[in-house]
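This one's a predicted model, so the numbers in the text were calculated from it and none came from an experiment.
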Amino acid sequence: MRSLLTTGNLYNAEFAYHRVPTEFDLFDNEAFEHNPMEYYVVCTDIATGLPVYNLCTKGGHAFYEWVRASSSMPIVSRPVEINGQLLLDGGLTDSIPLQFMQRKGYSKNIVILTRPAGYRKKPSKFTGIMRILYSRYPGLVKSISKRHQMYNTQLDTIAACEQAGNCFVIRPDSPLNIGYISHSKHKMQAIYQNGIDKAQNIIPELLNWWEK
């Protein structure tokens, strides 16, 4: 709470997004830059309430800022200014950017979800607070108020693509036993390991789908 009150960020942004990848858990910028795979981050422009998609080709400070912007949750994070735009978490306006990738020309897509099958998002209980905090940005408030509808529509699209065979979905078998914010190393490690195990077990099925 001290960080939130003094900096506007619940977590120390400089430490999490700049010191960690350069001092403690080194990010391999060279490998990233030589990887031919396109890597996009999705943010939300708070002035327009629309998603912003950035193709990241270089590692380093600018890249870390895009990553920070793409994961800066409202209320507990200050907007990140990049190229004159004030940005927040891309999940506010495009939570599962499958259709964006399809528009880019990718006909077969792997979608990784954090919710089990059958999940439907409900209206946020924080919408009222965000209407007050972001009253200067009506486009953002409108997007936030309709986020659950957008998310559930995206789930319907994913289900249709999965049924058609052009989308492979990886999702947990049951709800993850953790909140949006957690200090439990045990819970975080357990969920991280669960994701690894799920991916390893599903690789044969994934390869079979990809080769069809």
| query | Can you check whether Phe126 reaches Pro74 side chain to side chain, under 4.5 Å on heavy atoms? | reply | no
| note | Besides Tyr151, the hydrophobic cluster formed by Ile, Leu, Val, Met, Phe, Trp and Tyr side chains linked at under 4.5 Å, directly or via other members, contains Ile96, Leu98, Val111, Leu113, Tyr119, Leu155, Ile158, Val169
| request: Mind checking side chain to side chain donor-acceptor pair (under 3.5 Å) for Asn12 and listing every partner two or more places apart, or none if nothing turns up? | output: none
| Results of side chain to side chain contact (heavy atoms under 4.5 Å, CB included) for Gln200 - residues two or more places apart only | Ile196, Asp197
| task | Check whether Tyr106 and Ile110 end up in the same hydrophobic cluster, where Ile, Leu, Val, Met, Phe, Trp and Tyr are linked by side-chain heavy atoms less than 4.5 Å apart. | result | no
| said: Nearest 0.5 angstrom please: Lys187 NZ to Asn194 CG, how far? | reply: 14.0 Å
| said: Starting from Tyr137, can I reach Leu88 by hopping between I/L/V/M/F/W/Y residues whose side chains sit under 4.5 Å apart? | reply: yes
| field | Residue list, ring-ring contact (aromatic ring centres under 6.0 Å, His included) with Phe168, at least two apart or on another chain | value | Trp209
| said: Please determine whether side chain to side chain contact (heavy atoms under 4.5 Å, CB included) holds for the pair Arg120 and Asp156, giving the CA-CA distance in whole Å, both sets of side-chain angles, and the decisive distance to 0.1 Å. | reply: CA-CA 10 Å; Arg120 305 296 287 184; Asp156 292 338; 3.0 Å; yes
| request: Would you mind listing every ring-ring contact (aromatic ring centres under 6.0 Å, His included) that reaches into residues 65-91, with sequence neighbours excluded? | output: none
Indicate every side-chain donor-acceptor pair of residues 40-51 with a distance under 3.5 Å to a residue at least two apart or in another chain.
residue: Tyr40; atom: OH; partner: Lys104; partner atom: NZ; Å: 3.2
residue: Thr44; atom: OG1; partner: Asp89; partner atom: O; Å: 2.9
residue: Thr44; atom: OG1; partner: Thr93; partner atom: OG1; Å: 2.7
residue: Asp45; atom: OD1; partner: Ala47; partner atom: N; Å: 2.9
residue: Asp45; atom: OD2; partner: Gln85; partner atom: NE2; Å: 3.0
residue: Thr48; atom: OG1; partner: Leu50; partner atom: N; Å: 3.2

| note | Output for pair (Glu162 CD, Arg171 CZ), nearest 0.5 Å, gives 5.0 Å
| note | Residues joined to Ile178 in its hydrophobic cluster, side chain to side chain under 4.5 Å directly or through other members, sorted by chain and number, are Leu176, Met188, Ile191
| query | Going by the side chain to side chain donor-acceptor pair (under 3.5 Å) test, which pairs reach into residues 52-65, not counting sequence neighbours? | reply | His18-Glu65, Asn29-Tyr64, Tyr53-Asp94, Glu65-Arg68
| said: Would you say that more than 12 heavy atoms from the other residues, nucleotides or ligands in this model lie under 6.0 Å from the CD of Gln193, or not? | reply: yes
| So do the side chains of Thr127 and Ser145 get within less than 4.5 Å of each other, counting heavy atoms only? | yes
| Joint cluster assignment, Tyr39 & Ile82, ILVMFWY side-chain distance < 4.5 Å | yes
| field | Listed once per pair and sorted, the salt bridge (Lys or Arg N to Asp or Glu O under 4.0 Å) pairs that draw on residues 22-35, sequence neighbours left out | value | Arg19-Glu23
| message | What's the separation between atom OH in Tyr17 and atom OG in Ser72, rounded to the nearest 0.5 Å? | response | 5.5 Å
| said: Any side-chain to backbone donor/acceptor pair from Lys108 onto Trp210? Under 3.5 Å, distance only. | reply: yes
| task | Would you indicate whether Tyr192, at its atom OH, is surrounded by more than 12 heavy atoms from other residues, nucleotides or ligands within a distance under 6.0 Å? | result | no
| field | Residues which pass side chain to side chain contact (heavy atoms under 4.5 Å, CB included) with Val141, listed by chain and number, not counting sequence neighbours | value | Arg131, Tyr134
| Taking the side chain from Ser3 and the backbone from Asn9, do they hold a donor-acceptor pair closer than 3.5 Å? | yes
| message | Membership question, hydrophobic clusters at under 4.5 Å side-chain separation (ILVMFWY): are Met130 and Ile181 in the same one? | response | yes
| request: Using the test salt bridge (charged side-chain N to carboxylate O under 4.0 Å, His left out), find all partners of Glu14 that sit at least two apart in sequence or belong to another chain. | output: none
| What distance separates Leu133 CG from Leu140 CG, expressed to the nearest 0.5 Å? | 10.5 Å
| Between Gly91 and Arg147, which heavy-atom pair has the shortest distance, and what is it? | O-NE, 2.8 Å
| query | Are Met150 and Leu92 close enough that some pair of their side-chain heavy atoms sits under 4.5 Å apart? | reply | no
| message | List the residues meeting side chain to side chain contact (heavy atoms under 4.5 Å, CB included) with Pro116, not counting sequence neighbours, and say none if there are none. | response | Pro172, Pro175
| Does some side-chain heavy atom of Cys161 sit less than 4.5 Å from a side-chain heavy atom of Gln102? | yes
| said: Using a 6.0 Å cut-off, check whether atom CD of Gln154 has over 12 heavy atoms from anything other than its own residue. | reply: yes
| query | Just by modelled atom types, is the His148 backbone N or O under 3.5 Å from a matching donor or acceptor in the Asn152 side chain? | reply | yes
| Taking atom NZ of Lys121 as the centre, does the number of heavy atoms from other residues, nucleotides or ligands within less than 6.0 Å exceed 12? | yes
| Taking atom NZ of Lys198 as the centre, does the number of heavy atoms from other residues, nucleotides or ligands within less than 6.0 Å exceed 12? | yes
| Do you know which two heavy atoms are closest between Leu4 and Ile75, and how far apart they sit? | CD1-O, 4.1 Å
| request: May I ask whether Val67 and Val80 are part of the same hydrophobic cluster, defined by side-chain heavy atoms of I, L, V, M, F, W, Y residues being less than 4.5 angstrom apart, directly or through others? | output: yes
| field | Aromatic plane relationship, Tyr11 with His183 - under 30° parallel, 30 to 60° tilted, over 60° perpendicular | value | tilted
